[in-house]
Amino acid sequence: MNDLLFPAAPISAFPIADSNLRFPVHRIYCVGRNYAEHAREMGSDPDREPPFFFCKPADAVVSTPAGQTLQLPYPSQTKNFHHEIELVVAIGKGGSDIAVEHAYDHVCGYAVGLDMTRRDLQAEMRKAGLSWEVSKAFDRSAPIAPLHLVSACGHPEDAGIWLRVNGKDRQRSNINQLIWSVPETIAYLSRFFELQPGDLIFTGTPAGVGAVMRGDLIEGGIDGLGTLQVKII
Ligand code: MN
């Protein structure tokens with residue numbers, strides 16, 4: 001085998017709760033508009049749209065050990081930087097054409113994540129019918145809290161999901177409000193992509209997305225999966 005031209009980038013990985021192990025990230029898939037109230041606030045009809053997906057690069061993940069606050073630089077090229085709190089599914093066993101009833105066998109854990117978004121660029125791209133890449137797939141756009149393994153947290157289906165900015169409620173819902181459930185999302189996604197161990201699926205955000213500025217403190221959580229604290233700097 002020939003040597004690499006230069007050293008390969010380090011593996012993207014983030015902590016696992018109550019463990020010295022880290023979860024190595026392969027790909028990041030994100031579901032768009034998966035809570036009815038959020039679909040409505042984005043100007044869509046939640047009843048008529050099948051799920052759709054976009055990706056972030058694996059190294060968009062940024063994290064800290066449990067209990068620490070992540071320092072997140074305000075990104076370039078936006079004046080409307082939005083939070084989206086999401087349930088993140090971690091794939092531990094790969095597969096294609098996974099049946100809904102077997103989908104949970106492929107999940108090794110869950111985490112609280114943020115799908116950070118340059119909302120102004122997303123609006124421009126949507127209007128022009130162009131790809132969302134610059135609005136969704138930028139550097140450090142996927143802050144994530146430590147992973148909770150299924151052996152510890154099971155498969156949550158009824159759990160509060162919330163986000164506060166500077167102590168004020170912004171988003172509050174329950175993951176039982178997902179339009180496409182976790183097993184349905186895995187089944188659907190696996191028809192288009194061969195899922196691999198290390199894949200993450202951001203399952204969509206509830207209503208209440210909004211802007212943050214430098215100096216703001218974001219706190220978000222999902223019952224049973226801990227919390228995530230992010231300071232915008
Ligand atoms: Mn999202």
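Hydrogens, waters and symmetry mates play no part in the numbers below; they use all other heavy atoms, side chains included. We count ligands from 1, going down the list as the structure has it; atoms in each ligand are counted the same way. Start at 1 with the first residue, then count along the sequence.
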Problem - Trace of the salt bridge (charged side-chain N to carboxylate O under 4.0 Å, His left out) decision for D115 with K56 - result: CA-CA 9 Å; D115 167 16; K56 292 177 187 266; 2.8 Å; yes

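- Aromatic ring centres of Y29 and F193 lie closer together than 6.0 Å.
- Heavy atoms only, all atoms of each residue included: P156 and L225 are closest at CG-CD1, 4.4 Å.
- A centroid separation of less than 6.0 Å is found between the aromatic rings of W132 and F52.
- Within D115, OD2 is the N, O or S atom that lies nearest to the Mn ion (ligand 1).
- The Mn ion (ligand 1) is closest to atom OE1 of E84 (considering only N, O or S atoms).
- Summary: OE2 is the N/O/S atom of E86 found nearest to the Mn ion (ligand 1).
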